[in-house]
Trainee: 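The structure under discussion is supplied below as structure tokens; questions concerning it will follow.
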Protein chains: 2
Amino acid sequence: MADGTPRKETRIQAEKREIIREAALEVFASHGFRGATLDQIAEVAKLSKPNLLYYFDSKEAIHADLLARLLDTWLDPLREMREDGDPIREIRGYIQRKLEAARDYPRESRLFANEILQGAPRLLDELQGPLRDLVNDKSDLMRRWMDDGKIARISPHHLIFAIWAVTQHYADFDVQVRAVLGKDDEARFHDAAETIEKLFFSGLAPR
Amino acid sequence: MADGTPRKETRIQAEKREIIREAALEVFASHGFRGATLDQIAEVAKLSKPNLLYYFDSKEAIHADLLARLLDTWLDPLREMREDGDPIREIRGYIQRKLEAARDYPRESRLFANEILQGAPRLLDELQGPLRDLVNDKSDLMRRWMDDGKIARISPHHLIFAIWAVTQHYADFDVQVRAVLGKDDEARFHDAAETIEKLFFSGLAPR
DNA sequence: TGATCTTTTGACCATTTGGTCAGAACGCTA
DNA sequence: TAGCGTTCTGACCAAATGGTCAAAAGATCA
């Protein structure tokens, strides 16, 4: 087998690569790409540094691997928003899924946030391509709901931004949220859901 | 003058330190603390690296200086929220000021975001002290407004988080916003203001 | 103008860090 | 179990980076 075709991934390769991804996610999410070191990742993964580099070509390669897997996970909650079904329920469901993602996958959220903050050097194409297309698609959908008088008329793009912002905030700015609410406010995601719900659907104006 | 008292800052010192702050803000905001290098800062400031270190003791010291100046600027818009005056107007005004800050001082916003994302290692005390106190104070104020039926009943803490999230999003996630809206949507801050306004005060439910 | 204090610089240093490599250890299967 | 491909490691390297220092250059003012 002298051709360039990589032979099938062995069991050990699959396992170790997964261990490395897990460790790298941990480290990249809390220190950013530049802030993370291979030594740290190796330590968390309990592997030697050369061993890391046996499974991935470079630090960049590990990071790229994580990002590549991230975007789909990231967009799935929005993809699930369906044309049929009650508009208010659909939007509420989307907010809920996004908030759950922030609660259950904060490291992924921070990895993403770190990347965007630095100008998305390794993700720009994805943003301008698949992300943009999906958002435009769902914006059209929401506009139809508005035309039918099912929801208030508002900029769909900025509504989506608002949903991203308020949900991801609880993952990305978790330290700040905790600092304000007190160390471990276990109810914070529940309270957040309730508040966002009221805010987004009824607004602040008194009844 | 052999005592430890630092003698008065000279004109040149004041000027150069300001130039360095400006350059460092630029670099730290776009690369984070670890990602930024003294060489980059020196280049932007058009000074030699040893010259930088003549004005600031270390990379840490420059960063600390920026952060120290940041928090006040950061909290001022919230401080301005007054008990007298119409509640809805006061909250609207706060949102507006925050959005203007995101538009006019995106680097400061990103510097802050970078810091929080990494767990706020150099800012935690400020968050748990002054920030927390101010938020609690304004939360009490809002609760009084709710008791008086002036605004809908909602968690004041999470309302404040929501305001932070949706406004800072336009600074911190600017690349993503641009990627979705198209390269240079000059109206994005105007549209954002309008959308947030409608969302927060009337909500999505159809009239 | 000269003396003194401030500012600037080039050369240099130690550490950190991403990455390489030769060979040893391991594990699968004929 | 022998043989061979896979996995792993210690030693090592070059570049990047934060920081130092002695001395030169520039201000300042009596």
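Model, not experiment: these values are computed from the prediction. Side chains are part of it too, since the values below use all heavy atoms of this structure and drop only hydrogens, waters and symmetry mates. Order of the sequence lines fixes the chain letters, A, B, ..., with proteins taken first and strands second; residue numbering starts at 1 for each chain.
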Trainee: Which of residues 111-119 of chain A sit near DNA chain C, with a heavy atom under 4.0 Å from it?
Mentor: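 Going residue by residue through residues 111-119 of chain A, none turns out to have a heavy atom under 4.0 Å of DNA chain C.
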
Trainee: Taking side chain to side chain donor-acceptor pair (under 3.5 Å) as the definition, give me every residue that meets it alongside B/H31, ordered by chain and number, with sequence neighbours left out.
Mentor: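 So B/H31 forms a side chain to side chain donor-acceptor pair (under 3.5 Å) with B/Q40.
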
Trainee: Measure from CD on A/E9 to C1' on D/dG5 and round the result to the nearest Å.
Mentor: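 In whole Å, D/dG5 C1' lies 16 Å from A/E9 CD.
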
Trainee: Mind checking ring pair (Phe, Tyr, Trp, His ring centres under 6.0 Å) for A/F33 and listing every partner two or more places apart, or none if nothing turns up?
Mentor: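 In terms of ring pair (Phe, Tyr, Trp, His ring centres under 6.0 Å), with neighbours along the sequence ignored, A/F33 is linked to A/F28, A/H63.
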
Trainee: Can you pull out every salt bridge (Lys or Arg N to Asp or Glu O under 4.0 Å) where at least one residue sits in residues 24-43 of chain B? Sequence neighbours excluded, please.
Mentor: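 Of all non-adjacent pairs touching residues 24-43 of chain B, those that pass salt bridge (Lys or Arg N to Asp or Glu O under 4.0 Å) are B/E26-B/R107, B/D39-B/K49.
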
Trainee: Give me the distances for all protein-to-nucleotides 22-24 of chain D N/O pairs that come in under 3.5 Å?
Mentor:
none

Trainee: State which residues pass ring pair (Phe, Tyr, Trp, His ring centres under 6.0 Å) with B/F56; sequence neighbours excluded, sorted by chain then number.
Mentor: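 Per chain and number, B/F56 pairs via ring pair (Phe, Tyr, Trp, His ring centres under 6.0 Å) with no residue.
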
Trainee: Can you list everything that forms a ring pair (Phe, Tyr, Trp, His ring centres under 6.0 Å) with A/W145? Sequence neighbours excluded, please.
Mentor: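 Once residues adjacent in sequence are excluded, A/W145 has no partner under the ring pair (Phe, Tyr, Trp, His ring centres under 6.0 Å) criterion.
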
Trainee: Return the set of residues passing salt bridge (Lys or Arg N to Asp or Glu O under 4.0 Å) with B/R103 (not counting sequence neighbours), or none when no residue passes.
Mentor: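 Listed in chain order: nothing, the list is empty.
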
Trainee: Which residues satisfy the side chain to side chain donor-acceptor pair (under 3.5 Å) test with A/D133, sequence neighbours excluded?
Mentor: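 A/D133 satisfies side chain to side chain donor-acceptor pair (under 3.5 Å) with no residue once adjacent residues are dropped.
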
Trainee: Salt bridge or not between A/D174 and A/R178? Use side-chain N to carboxylate O under 4.0 Å.
Mentor: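 Between A/R178 and A/D174 there is a salt bridge, with a charged N closer than 4.0 Å to a carboxylate O.
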
Trainee: From CD of B/E15 over to P of D/dA27, roughly how many Å is that when rounded to an integer?
Mentor: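 So the CD-P distance, B/E15 to D/dA27, works out to 12 Å.
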
Trainee: How would you list, by chain and number, every residue that makes a side-chain contact (heavy atoms from CB on, under 4.5 Å) with A/N136, sequence neighbours excluded?
Mentor: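 A/R132, A/H157.
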
Trainee: Can you give one letter per nucleotide of nucleotides 7-19 of chain D, going 5' to 3': B for a protein heavy atom under 4.0 Å from the base, S for sugar-phosphate only, - for none?
Mentor: BSBBB-----SBB

Trainee: For B/A165, what residues pass the side-chain contact (heavy atoms from CB on, under 4.5 Å) criterion, not counting sequence neighbours?
Mentor: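 By the side-chain contact (heavy atoms from CB on, under 4.5 Å) rule, B/A165 matches A/A165, A/V166, A/H169.
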
